Amino acid sequence: MTISTFDAIEANFIYLWIWHADKIPPHIGCSVNGSYFSLKVNGLDLNFPVDKALGIIKYKSIPSLLIQTTIISSETELSDVFLASKNDINLGLSCLSPVRNAVGAPDSMQKIKDLIDYLHQNAEIKHIFGLNLKDSFVDIPEYSIVDIQQRLAYLSNVKG
């Protein structure tokens, strides 16, 4: 994985935002045209300003990856995908579900690394940018579906 230093976000392209890229499991959301979208245990981020999301990552020094895809979309399209997925967490699905749908990946992609591999194999990754990553960072750590389920259960209990 070749990681560049982040410079600026280009319009129209979908960006995948991998928060806590060094944790098990990380969190994923996506953006287009300055609007960020994410499915979380406590609800949805819809049309959240990208500048504010970047501000949070920088202020809290959250190790993150921004993956620019070659996939073109609009705020309306992403909003529709995320609104359709708003109950996925209640169904036991993770933050990956709407992102996977937004980029047209198969439902068999259960982990973020699987999605990145899929996009890479289909030449749909334009750039990978790193923010607040340690020099020792090489890749997203391996984790299992059980790790995802345990994290969702923990977050549900904390938020509930």
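The shown structure was predicted, so the numbers you read here are calculated from the model rather than taken from an experiment.
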Qualifying residues under side chain to side chain contact (heavy atoms under 4.5 Å, CB included), relative to [X], sequence neighbours excluded:
X	answer
Val81	Pro98, Asn101, Ala102
Lys134	Ser136
Lys86	Leu44
Ser79	Phe37, Leu46, Asn47, Leu83

Donor-acceptor pairs under 3.5 Å, side chain of residues 23-36 to any protein atom, not counting sequence neighbours: which ones?
residue, atom, partner, partner atom, Å
His27, NE2, Ser38, OG, 2.6
Ser31, OG, Trp17, NE1, 2.8
Asn33, OD1, Asn12, N, 2.5
Asn33, ND2, Glu75, OE1, 3.4
Tyr36, OH, Trp19, NE1, 2.9

Which heavy atom in [X] sits nearest to a heavy atom in [Y], and how many Å separate them?
X	Y	result
Ile72	Glu77	O-OE1, 4.5 Å
Gln110	Ile148	O-CD1, 3.6 Å
Leu66	Leu131	CD1-CD1, 3.5 Å
Ala21	Leu65	CB-CG, 4.0 Å
Glu124	Ile71	OE1-CD1, 3.9 Å
Leu133	Phe137	CD1-CD2, 3.8 Å

Between Ile67 and Leu119, is a side chain to side chain contact (heavy atoms under 4.5 Å, CB included) present by the stated rule, with each step listed? CA-CA 10 Å; Ile67 300 174; Leu119 292 172; 5.5 Å; no

Do any N or O atoms from the side chain of [X] and from the backbone of [Y] form a donor-acceptor pair under 3.5 angstrom?
X	Y	result
Gln150	Asp147	no
Lys113	Glu142	no
Thr69	Tyr15	no
Ser64	Ile62	yes

Mind checking whether [X] and [Y] have side chains closer than 4.5 Å, heavy atoms only?
X	Y	value
Ile14	Leu78	yes
Phe82	Val99	yes
Asp45	Leu39	no
Asp22	Ile140	no
Ile125	Thr70	no

Can the ring centroids of His127 and Phe129 be said to lie less than 6.0 angstrom from one another?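 His127 vs Phe129: aromatic centres under 6.0 Å.
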
Considering only residues two or more places apart or on different chains, which pairs with a residue in residues 47-79 satisfy ring pair (Phe, Tyr, Trp, His ring centres under 6.0 Å)? none

Would you give the length of the straight line joining atom [atom1] of [X] to atom [atom2] of [Y], rounded to the nearest 0.5 angstrom?
X	Y	atom1	atom2	value
Ile18	Cys95	CD1	SG	9.5 Å
Lys40	Leu152	NZ	CG	13.5 Å
Ser94	Arg151	OG	CZ	13.0 Å
Ile116	Ile112	CD1	CD1	7.0 Å

